[in-house]
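Note on naming: letters A, B, ... go to the chains in the order of the sequence lines (proteins, then strands), and numbering restarts at 1 for each one.
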Protein chains: 2
Amino acid sequence: MTPTAAIVLGLLERLGEASAYDVKRAAERWLGNFWSTPHSQVYRTTEQLAADGFLAARPDTTAGGRARTLYRLTRRGRTALAAWQREPLAALPELRDPALLKLHFGADLGTLAGAQLAAHRDQLVAYEARQREDTGAEPRGPWLTLRAGILHEEVWVRFWTELLEGAQGGPTRRAVRP
Amino acid sequence: MTPTAAIVLGLLERLGEASAYDVKRAAERWLGNFWSTPHSQVYRTTEQLAADGFLAARPDTTAGGRARTLYRLTRRGRTALAAWQREPLAALPELRDPALLKLHFGADLGTLAGAQLAAHRDQLVAYEARQREDTGAEPRGPWLTLRAGILHEEVWVRFWTELLEGAQGGPTRRAVRP
DNA sequence: CCCACCATGTAACATGTTACATGATTGG
DNA sequence: CCAATCATGTAACATGTTACATGGTGGG
């Protein structure tokens, strides 16, 4: 069960019968926050899952409009999804941030930190705006992941701010060792 | 310039002439913290960079031992590396954490949060131990990225702890809305 | 001397990214 | 009615992952 497969199954459980495009939009809306899935991936994955019996495929026959395929979970798909949800997960993600690579290899601190700080600040503001839409309604999952995003953006802002202040103090001043 | 290419060039600048295996070990040691690069990637990338003229390749002729190839930066490689270091970078990384996917799709909070909390705690302890080795010597890059790792592990510990406490309060109690 | 592990690769496959194509829809 | 955008895919290529293969080396 790859992450993309889990996403497709999980979203189709919510959506009922839907097209690959619907799944892609739902993924953007609900997961875009911490996980992007290009549409080409979604098309490939629905096809694959259908071939493996996790999804049932059906051509959409509504008169107007272009031909397309609708998918829904089979019993097998439901079972696989439930099993995935139950499995614990001890693996840790990597930061894998290209900006840290540049930092490691001695990029100019002021330039890099400035650009990153601005971008992370914008992201934080966007997340906070989104969070204010939370009405407390179920399901909680999406809001919890949004909170994770906010906490991480906060530390990024802190991290790059410290570096920027260190850099402005001049190259001789010891950076970031409070 | 892909991230892996930048890693290979950056490490070879430090190492002088070295084998793909040496590069792989250096990557583990210096970047393993936030970026993993399987050895098969490193072999492929050195070969590619040599074909493109960024590296000079030379068979190692020391008597004993298996045949291997040694690489070093060409002038062109040095130039490309320097250009990459200068470029600013406004792109943001994604969290892309499979555990957040499970959380989003309604995994059991106690199980998931417990497993994640334990793993992140261990990681945090390991990073802090590593940080104590910092003698303040140059280059600072590696230590700065370690600090980033620590900050992020701290928020993960905080995040999963909150969830775990919320879960223990029972399913009716509102989780994580302090 | 044999087993385990380090070193050095190669290969196959899955996933992710980017680009191409093209049919509907809609706003100007 | 034309252009831009949405919707629906396909294709090519790059990257990442996993497995295989096999030569040295050092310890029991």
Side-chain angles (χ1 to χ4, degrees), chain A residues 1-9 15 17-29 31-32 34-52 54-55 57-71 91-98 101, chain B residues 1-9 15 17-29 31-32 34-52 54-55 57-71 91-98 101:
Chain A
M1 174 79 83
T2 68
T4 307
I7 289 170
V8 168
L9 294 179
L15 295 171
E17 190 169 49
S19 71
Y21 196 78
D22 297 331
V23 171
K24 175 219 142 199
R25 259 187 326 181
E28 266 166 17
R29 167 127 172 62
L31 308 168
F34 67 99
W35 197 296
S36 65
T37 38
H39 76 278
S40 62
Q41 281 276 124
V42 176
Y43 283 97
R44 186 162 40 185
T45 305
T46 48
E47 202 177 328
Q48 183 83 43
L49 288 173
D52 295 347
F54 296 101
L55 299 180
R58 178 171 79 80
D60 181 8
T61 52
T62 55
R66 191 171 171 176
R68 60 186 194 151
T69 306
L70 296 179
Y71 297 94
L92 297 183
E94 277 178 355
L95 282 182
R96 219 177 179 71
D97 182 351
L101 275 186
Chain B
M1 173 79 84
T2 68
T4 307
I7 289 170
V8 168
L9 293 179
L15 295 172
E17 190 169 50
S19 72
Y21 195 79
D22 297 333
V23 171
K24 175 218 146 200
R25 260 186 326 179
E28 267 166 17
R29 165 126 174 66
L31 309 167
F34 66 99
W35 197 297
S36 64
T37 38
H39 75 278
S40 62
Q41 280 277 123
V42 176
Y43 282 97
R44 187 162 39 186
T45 306
T46 47
E47 203 176 329
Q48 184 82 44
L49 288 173
D52 295 348
F54 296 102
L55 299 181
R58 179 171 77 82
D60 182 8
T61 52
T62 55
R66 193 170 168 176
R68 60 187 194 151
T69 306
L70 296 179
Y71 298 94
L92 296 184
E94 278 179 354
L95 282 183
R96 221 180 178 70
D97 182 351
L101 274 187

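The neighbour count for B/Glu94 CD, taken as heavy atoms of other residues, nucleotides or ligands under 6.0 Å away, is above 12.
Expressed to the nearest 0.5 Å, how far CG of A/Asp22 lies from CD of A/Glu17 amounts to 10.0 Å. A distance of 11.5 Å separates CG of B/Leu55 from CD of B/Glu47, quoted to the nearest 0.5 Å. In this structure, the separation between CD on B/Gln48 and OG1 on B/Thr4 is 11.5 Å, given to the nearest 0.5 Å.
As a whole-Å value, the separation of A/Leu49 CG from C/dT15 P is 10 Å. The interatomic distance linking A/Glu28 (CD) with D/dT8 (P) rounds to 13 Å, in whole Å. If you measure from atom CZ of A/Arg44 to atom P of D/dT15, you get 15 Å, rounded to the nearest angstrom. Rounded to whole Å, the distance from CD on B/Glu47 to P on D/dT15 is 14 Å.
Not a single donor-acceptor pair, N or O on each side, falls under 3.5 Å between the base of D/dT15 and the side chain of B/Thr4. Side-chain N/O atoms of B/Ser40 and base N/O atoms of C/dT10 include no donor-acceptor pair closer than 3.5 Å.
The ring pair (Phe, Tyr, Trp, His ring centres under 6.0 Å) check on B/Tyr21 picks up nothing, with sequence neighbours excluded.
Between B/Gln41 and the phosphate of D/dG16, there is a side-chain N or O to OP1/OP2 separation shorter than 4.0 Å.
Using five terminal pairs a side, the axes of the helix from C/dC1-D/dG28 to C/dG28-D/dC1 at its two ends make an angle of 20°, given in steps of 10 degrees.
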All N/O contacts under 3.5 Å from nucleotides 7-9 of chain C to the protein, with atom names and distances to one decimal?
residue: C/dA7; atom: OP2; partner: B/Tyr21; partner atom: OH; Å: 2.7
residue: C/dA7; atom: N3; partner: B/Arg66; partner atom: NH1; Å: 3.3
residue: C/dT8; atom: OP1; partner: B/Arg68; partner atom: NE; Å: 3.4
residue: C/dT8; atom: OP1; partner: B/Arg68; partner atom: NH1; Å: 2.9
residue: C/dT8; atom: O2; partner: B/Arg66; partner atom: NH1; Å: 3.4
residue: C/dT8; atom: O2; partner: B/Arg66; partner atom: NH2; Å: 3.0
residue: C/dG9; atom: N7; partner: B/His39; partner atom: NE2; Å: 3.2
residue: C/dG9; atom: O6; partner: B/His39; partner atom: NE2; Å: 3.1

